[in-house]
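Since the structure comes first, as structure tokens, the remarks are kept for the end.
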Amino acid sequence: MADNKMDNIVNLCKRRGIIFPSSEIYGGIGSTWDYGPIGVHLKNNVKAAWWKAVVQERDDMVGLDAAILMHPDVWKASGHVESFNDPMVDCKKCKRRFRADHLVESIKKDSDAAEMKPEDLAHLEEALAGIMCPECGGELTSIRQFNLMFKTFMGPVEDSAATVYLRPETAQGIFVNFKNVQNSTRKKLPFGIAQIGKSFRNEITPGNFVFRTREFEQMEIEFFTRPEEAMEWHAKWLQDRYNWYVNLGINPDKLRLRPHGEDELAHYACACSDIEYEFPIGWSELEGIANRTDYDLKQHMAMSGKDLSYFDDTTGERLVPYVIEPSGGVDRGLLAFLADAYDEISGGRGDAGAENEIVLRLHPRLAPIKVAILPLAKKGGLPEIAHALQSELRKHMMTDYDEKGSIGRRYRRQDEVGTPWCITVDFNTLEDQAVTIRDRDTMQQERISLDKVKSFIREKLEDC
RNA sequence: GCGGGAGUGGUUCAGUGGUAGAACGCCACCUUGCCAAGGUGGAUGUCGCGAGUUCGAAUCUCGUCUCCCGCUCCA
């Protein structure tokens, strides 16, 4: 029963080829989703807009595309082998689940809890003896390990091959390439490295459509600064990233910034602020901007034995930079853009009395299809003119052509996938060599000469 | 892993033991020609899967799978 917005969005996504449940003919596989013929453009556009903003338009940023599989030691150095292993216990009575180390800490907070490490299972199990469920007082199960990293094997023979992990974040690919990038680009502090790529986490609780999935795509920046400038850059990036969402059409009333409390910081961060969006499921994180300090570079220096410090030739000083990390989720961002653009008009805008009219008010730069060409009739040479126009436009932008059904129906179809402009070729076109361009949001129609259509649309796209 | 809910055309749903339905969507033709119009015709379902009960199962029983929602997380 599609009585909430998230369901409506999921249905629209399936109907219109934006996002499909993965492996659906086999009954689906938990919380993985495939981007369809329309969705793939939306996703690419989100990534392209990000790349343009953080790499193309800046002097202090360069790009990178590192491999998903990395040396296993990377994840020891980064702390993920340790802290992505969560020791969990369940209450046998009320069935609630707890992190064993948190439980021990909260109950024995005055004693040796500080030394309690999640990976020290034997010690944990011992400390847990006698502890009952804090909710209902029931008996707890023994500790079970939840490893958040996907494991696989490098090499054809499983038992002799090395265990490798699918990366749980793209960041480490940047840190291990810090020297390579700095040497090859001759960048001086402060500068940053941007990367878009897939990451994998065996989440205990995935869900909410593409909000949390086990395979997801990240857009991450590691911005290297002098330690004393780190927090200043943290603030700058926070504002910068916030503006990015607003510039791409997100309603500012549905965005907020939320600094993390100390208790919720990741193991590598000393400060973090989230950009949150009010999804149909409530306020949730869209992007985190963390101060990772010099933690990662120092860890990799210790593990690899290589010097990753930076020599500042203006001060003659050698230092390990601090890192500001704006880390966003592509899928999550896309969901925010979708949810924010989703508009349902009961009764419809036209006079035919449609029940519900769905308009995806996507920013034109994100719109999967920029312009649809619709001949008013399938005769009189109109389709030929329309096809000719399409072959001119499609060299520059994603186009669609539709001659099926009434013109109103065709507008509806384009509205549902967020196409900003529809061009109709009508019988007058034969006389005046002009077409009508209709705007998705204003419903305004403009008569444009055929030879000016291309520049007209391209100007609109650049203006926004 | 535990608890709860749910699986019937593309979508939303009806159908409580007797020939699988509707609406919307989709396709073709006619009509119309600028905002889901109308007409005619059409396609799409092994009712999640497997057993059982029964003359007969979408429907009852058992098993199983999957998805969704909640429990520790964070993009």
Side-chain angles (χ1 to χ4, degrees), chain A residues 1-3 6-8 10-12 14-17 20-21 23-24 26-31 84 86-103 135 141 144 146 148 168-171 199 201 203-213 216-220 260 264-266 272 274-276 281 284-288 290 325-336 347-358 374-380 382 404-416 422 424-428 436 438 440 443 445:
Chain A
M1 103 170 97
D3 60 352
M6 191 64 117
D7 284 343
N8 293 343
V10 174
N11 290 340
L12 175 72
K14 177 160 186 200
R15 254 189 15 250
R16 291 274 98 123
F20 306 125
S23 311
E24 197 185 10
Y26 288 100
I29 173 163
S31 296
F84 261 51
D86 290 344
M88 311 293 296
V89 292
D90 294 316
C91 170
K92 290 178 181 172
K93 194 171 156 199
C94 72
K95 308 297 183 193
R96 291 183 70 87
R97 167 168 293 168
F98 307 94
R99 271 187 65 159
D101 51 328
H102 290 177
L103 212 52
E135 296 294 323
T141 62
R144 271 186 306 230
F146 281 72
L148 280 273
E169 63 173 17
T170 60
S199 292
R201 288 180 200 170
E203 299 284 354
I204 304 165
T205 310
N208 287 318
F209 197 30
V210 295
F211 182 79
R212 182 177 286 118
T213 52
F216 61 103
E217 198 155 5
Q218 293 184 298
M219 306 183 284
E220 288 196 309
H260 278 206
E264 55 179 332
L265 289 175
C272 187
D274 283 346
I275 298 173
E276 296 191 331
I281 52 167
S284 298
E285 183 195 355
L286 199 51
E287 173 156 350
E325 178 193 70
S327 173
V330 177
D331 315 85
R332 202 170 268 196
L334 184 147
L335 180 60
R349 296 182 290 183
D351 31 48
E355 290 174 12
N356 279 321
E357 186 177 316
I358 294 170
L374 318 170
L376 203 56
K378 276 182 280 188
K379 60 189 180 192
L382 270 39
K404 307 274 174 64
S406 75
I407 189 68
R409 187 185 300 277
R410 283 178 273 164
Y411 283 138
R412 293 293 86 70
R413 285 197 277 251
Q414 295 301 328
D415 288 345
E416 285 195 341
C422 290
T424 47
V425 177
D426 58 30
F427 292 104
N428 292 333
T436 303
R438 174 264 203 183
R440 177 195 67 204
M443 303 266 281
Q445 301 195 345

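Below, chains carry the letters A, B, ... as their sequence lines are ordered, and counting in each starts from 1.
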field: Chi-based syn or anti call at B:G33, which uses purine or pyrimidine torsion atoms and a 90° bound
entry: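 Base orientation relative to the sugar is syn.
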Between [X] ([atom1]) and [N] ([atom2]), how many Å, whole number?
X	N	atom1	atom2	answer
A:Arg410	B:U32	CZ	C1'	11 Å
A:Leu335	B:C74	CG	C1'	15 Å
A:Arg15	B:G9	CZ	P	16 Å
A:Asn208	B:C68	CG	P	10 Å
A:Ile407	B:A37	CD1	P	12 Å
A:Leu376	B:G33	CG	P	9 Å
A:Arg16	B:C24	CZ	P	16 Å
A:Leu382	B:C34	CG	P	12 Å

Would you classify [X] as touching base, sugar-phosphate or nothing, given that sugar-phosphate means primed atoms plus P, OP1 and OP2, and contacts are heavy atoms under 4.0 Å?
X	result
A:Glu416	base
A:Thr436	base
A:Ser199	nothing
A:Glu285	base
A:Gln445	base
A:Arg409	sugar-phosphate
A:Arg212	base
A:Ser327	sugar-phosphate
A:Asp426	base
A:Leu12	nothing

Any strand is fair game: report the nucleotide pairing with [N] by Watson-Crick or G-U wobble, both distances under 3.5 Å, or none.
N	value
B:U64	B:G48
B:C74	none
B:A58	none
B:G21	B:C13
B:C29	B:G39

Just by modelled atom types, is the [Y] backbone N or O under 3.5 Å from a matching donor or acceptor in the [X] side chain?
X	Y	result
A:Arg332	A:Glu285	yes
A:Asp274	A:Leu286	no
A:Asp426	A:Asn428	yes
A:Arg438	A:Gln445	no

In whole Å, what separates the [atom1] atom of [N] from that of [M]?
N	M	atom1	result
B:C26	B:C69	P	29 Å
B:G7	B:G45	C1'	14 Å
B:G21	B:U64	C1'	29 Å

Shortest non-hydrogen contact between A:Arg410 and A:Gly405, atoms and distance: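 It is NE-O, 3.1 Å.
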message: Please find the pair of heavy atoms, one from A:Phe216 and one from A:Arg201, that lie closest to each other, and give the distance.
response: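 Distance-wise, the nearest heavy atoms are CZ-NE, 3.7 Å.
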query: The side chain of A:Lys14 lies closest to which of these nucleotides: B:A75, B:U11, B:C35?
result: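 The closest nucleotide is B:U11.
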field: Upstream residue (5' side of RNA chain B) when A:Gly408 and A:Gly288 are each assigned their closest nucleotide
entry: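 Looking at RNA chain B, the more 5' nearest nucleotide goes with A:Gly408.
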query: Which residue, A:Thr424 or A:Glu325, contacts RNA chain B at a nucleotide closer to its 5' end, judged by nearest heavy atom?
result: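 That would be A:Thr424.
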- prompt: Any luck finding a side-chain donor-acceptor pair between A:Glu220 and A:Thr170 under 3.5 Å?
  reply: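 Yes, because at least one side-chain N or O of A:Glu220 sits under 3.5 Å from a partner of the opposite role on A:Thr170.
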For [N], does OP1 or OP2 lie under 4.0 Å from any side-chain N or O of [X]?
X	N	answer
A:Arg413	B:C26	yes
A:Lys404	B:A28	yes
A:Ser406	B:U32	no

task: Decide, yes or no, whether a salt bridge links A:Arg15 with A:Glu416 under the criterion of side-chain N to carboxylate O below 4.0 Å.
output: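 Salt bridge: yes.
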task: Go through the N and O atoms of the side chain of A:Arg438 and the base of B:C35, and report whether any donor-acceptor pair is under 3.5 Å.
output: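 Flag set: donor-acceptor pair detected.
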message: Are B:A75 and A:Phe216 stacked, with the base six-membered ring and the side-chain ring centres under 5.5 Å apart and planes under 30°?
response: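 Whether judged by distance or by angle, A:Phe216 passes, so it stacks on the base of B:A75.
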